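Before any comments, here is the structure.
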Amino acid sequence: MTIPEFKKHWTSLGIGMVWLFILLWPLLGIKPEGLEVASTFNVWWRIALGCSFLLFLYQLNKAGAFKFISRPAGAVAGSMKSATSMVPMAVWFVIGIACTALIPQFAGRYAQDVAINCMIYVCLGLGLNIVVGLAGMLDLGYIAFYGIGAYTYALLSVQFQLSFWICLPISAGMAGLGAWLIGYCSMRMRGDYLAIVTLGFAEICRMVLNNWMSLTNGPNGVTGIKAPGLYWFDFTNGMTLEHIWLKKLSLIYYVILILVVFTIIAVYRLQHSRIGRAWEAIREDETAAEVMGVPTFYMKLLAYCSGACFGGMAGAFYAARMRFVSPESFTFLESAMVLSMVVLGGMGSIPGVILGALALIALPEIFREFELYRMLVFGGVMTLMMLFRPQGMLPSKRTMRSGKD
Amino acid sequence: MCIGMTNMAELHLHDVSVRFGGLQALAEVNFSLMPGEIVGLIGPNGAGKTTVFNVITGVYNASGGDVEYDGASLQGLKPYQVLAKGIARTFQNIRLFQNMTALENVMVAQHSRTGCGILGAIFRTPSQKLEEEQIKERAMEELRFAELEDFADEVASSLPYGHQRRLEIARALASDPTTILLDEPAAGLNPAESSELMETICKISERGINVLMVEHDMKVVMGICQRLVVLDHGVMIAKGNPEEIQKNPAVIEAYLGS
Ligand SMILES: Nc1ncnc2c1ncn2[C@@H]1O[C@H](COP(=O)(O)OP(=O)(O)O)[C@@H](O)[C@H]1O
Ligand SMILES: [Mg+2]
């Protein structure tokens with residue numbers, strides 16, 4: 001560590017802290033009695049001290065003061081890594097599913113609720129991962145397909161009393177159809193332009209749901225949606241086949257678990273097929289892919305539609321689980337959330353997306369007391385991630401290299 | 001000189017012209033690539049050689065004239081349709097799928113020769129599995145041909161430059177072409193590598209694939225091409241066998257004058 005570098009770090013920390021104080025003061029200092037400095041200063045000096053300490057540690061580390069710990073730690077981590085990579089991915093997958101399947105046996109209602117929420121987002125994340133991670137298209141309106149799926153099941157269930165299991169493929173199909181319509185018009189666009197179009201489409205969807213009173217009941221939402229049903233053997237008087245509603249949380253938990261398993265397997269298989277390779281080729285170099293025989297327009301449309309189908313499926317489950325849907329569940333913020341999971345976890349990597357969903361859904365629940373600061377921390381974490389690990393927490397092997405565009 | 005088995009596909013360019021705004025990149029270019037031939041397309045920088053490739057493969061549309069392959073016009077076809085007709089190409093500045101492995105790069109090129117759909121992939125139907133195995137087998141064959149089988153699982157961007165050039169050729173060959181267009185395949189290679197490349201090109205020709213190549217390295221061009229076509233500022237100024245071309249005053253003028 002050179003002296004100028006040392007100086008540079010501390011000056012930028014100083015400037016950052018002054019800036020933080022200026023930001024913090026209007027937030028904390030404005031009281032009915034007038035401006036006040038003490039409370040702001042109280043918070044600020046703690047943050048400043050913490051940051052200074054972290055910078056100090058960072059510089060010590062750069063200077064090599066922690067070699068005596070990091071060397072053996074690195075060796076341990078390395079051997080752990082080789083040990084875990086000996087076990088094939090499929091085994092980890094089965095272990096993970098088994099553990100998840102056991103959660104309702106131990107955990108209470110609240111934990112189950114959070115877990116269900118997590119799993120819905122895992123489905124959404126994996127679906128969006130096809131579009132963003134594999135085919136490399138930026139989609140800011142993914143939540144629209146979740147909404148289409150949810151409303152499809154909601155309306156079919158309320159109006160026609162159709163069963164959840166019949167509606168599940170219909171919801172996926174409707175979401176896919178929506179994606180086909182919007183994709184057919186916009187797939188010729190690339191990058192930012194596509195992002196804007198998808199964003200606009202999602203807003204249009206939400207507006208339609210919000211204003212088409214006769215069909216969707218507008219902002220009041222649709223109520224009276226049926227839970228999934230199931231035929232089950234009943235042993236009370238002999239053995240009869242009884243129809244039961246899966247209303248209990250621990251039962252509906254297994255429905256989403258099955259959906260998650262299906263989604264993971266489907267996305268994994270797609271990724272390792274001729275179709276998935278074509279998508280990745282498009283992500284890497286669209287012109288070269290086209291010249292090597294990939295019909296890029298059609299394949300991009302296919303990516304967009306199949307991603308939407310998984311979203312639609314998750315949406316149908318959401319409607320069945322809440323037994324109520326309203327347009328406000330499908331805002332841009334949700335799209336941004338799902339996209340963050342994919343980016344944070346690692347684009348194109350299935351374990352990464354799962355981890356991303358866990359991090360963004362479960363962690364805020366654990367730190368419920370600090371709910372006020374959630375967005376602050378979220379923004380901070382995202383910024384730090386993009387600075388230090390742009391490829392995500394668990395990047396797929398091949399996207400290790402940071403993107404060139 | 002290499003002589004080998006041949007296919008019957010002929011490539012003809014009839015008065016092909018290309019304009020980019022005010023720039024006439026190609027003006028009524030006429031030449032043919034006959035079965036079994038290795039033809040060199042040469043000319044100074046900016047002469048329009050890459051543009052010829054782009055027109056043939058459907059990346060650009062010709063503003064006049066017609067490209068005919070195997071008896072049918074290629075006019076208006078998309079690049080992937082041209083590949084399906086049997087014309088594969090490489091790029092002047094290597095365009096591999098950087099973050100995919102060498103094997104996957106080659107496997108992608110089989111896309112137009114295979115047909116398994118999305119449901120087949122999700123449910124891993126027996127026919128999908130069989131097809132997947134065939135794709136892999138075929139890709140490994142091409143990697144072996146390019147002597148890259150040891151690098152099958154390496155990410156393309158991590159390969160040395162010479163290997164990347166060979167991988168691009170392997171990828172083009174994996175699409176089972178009848179004609180291959182090579183855009184400056186020897187650019188950036190050392191003398192040992194370029195003589196290896198000459199052998200590879202001869203082997204490609206022996207497999208019955210017609211070769212059209214753009215190349216600046218005169219040793220390579222004179223060594224393996226049976227005929228040459230010379231472009232200058234988008235105009236075809238000469239064609240003929242290498243000895244004639246070397247003596248042609250218009251060609252000497254174009255190279256020295258530029
Ligand atoms: N997409 C394009 N837009 C505008 N001009 C182009 C384009 N592609 C090539 N050109 C121009 O066409 C001419 C021929 O280029 P090119 O075919 O790449 O030459 P080379 O013989 O070196 O391969 C050059 O003057 C180049 O600037
Ligand atoms: Mg060129």
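Naming convention: chains lettered A, B, ... in sequence-line order (proteins, then strands); numbering from 1 in each chain. Small disclaimer: the values here were computed from a predicted structure and weren't measured.
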Just so I know, are the side chains of [X] and [Y] near enough to count as touching, which here means a heavy-atom distance under 4.5 Å?
X	Y	result
B:Leu13	B:Glu68	no
A:Ser273	B:Arg124	no
A:Met299	A:Trp279	yes
A:Met385	A:Pro390	no
B:Leu212	B:Phe53	yes

Any residue of [range] which, by heavy atoms, sits under 4.5 Å from chain A:
range	answer
residues 134-146 of chain B	B:Ile135
residues 166-187 of chain B	B:Arg171, B:Ala172
residues 70-80 of chain B	B:Lys78, B:Pro79, B:Tyr80

Parallel, tilted or perpendicular: ring planes of A:Tyr146 versus A:Tyr121, cut at 30 and 60 degrees: tilted
Aromatic plane relationship, A:Phe145 with A:Tyr142 - under 30° parallel, 30 to 60° tilted, over 60° perpendicular: perpendicular
Taking atom [atom1] of [X] as the centre, does the number of heavy atoms from other residues, nucleotides or ligands within less than 6.0 Å exceed 12?
X	atom1	result
A:Tyr193	OH	no
A:Phe297	CZ	yes
A:Tyr298	OH	no

Contacting region of [X] [heavy-atom separation from chain A under 4.5 Å]:
X	value
B:Val59	side chain
B:Ala109	both
B:Gln128	side chain

Salt bridge A:Arg283-A:Glu280, side-chain N to carboxylate O under 4.0 Å: yes
Closest-packed option against chain B by number of heavy-atom pairs under 4.5 Å, given A:Gly276, A:Ser306, A:Ala289: A:Ala289
Whether the side chain of [X] engages the backbone of [Y] through a donor-acceptor N/O pair (distance < 3.5 Å, no angle test) should be reported.
X	Y	result
B:Gln24	B:Leu26	yes
B:Gln164	B:Leu96	no
B:Ser63	B:Arg19	yes

Chain A contacts, top residue of B:Ala84, B:Cys116, B:Gly120, B:Ser158 (heavy-atom pairs, under 4.5 Å): B:Cys116
Intermediate values then yes/no, salt bridge (charged side-chain N to carboxylate O under 4.0 Å, His left out), A:Arg277 and B:Glu132: CA-CA 11 Å; A:Arg277 279 191 303 272; B:Glu132 196 70 3; 2.8 Å; yes
From OG1 (A:Thr263) to CD1 (A:Ile258), nearest 0.5 Å: 11.5 Å
Contact summary for A:Ser186 and A:Val197, nearest pair of heavy atoms: CB-CG1, 3.6 Å
Between A:Thr287 and A:Glu290: side-chain donor-acceptor atoms closer than 3.5 Å: no
Short side-chain donor-acceptor distance under 3.5 Å, A:Arg274 and B:Thr114: yes
Within residues 164-185 of chain A, residues adjacent to chain B where the heavy-atom gap is under 4.5 Å: none
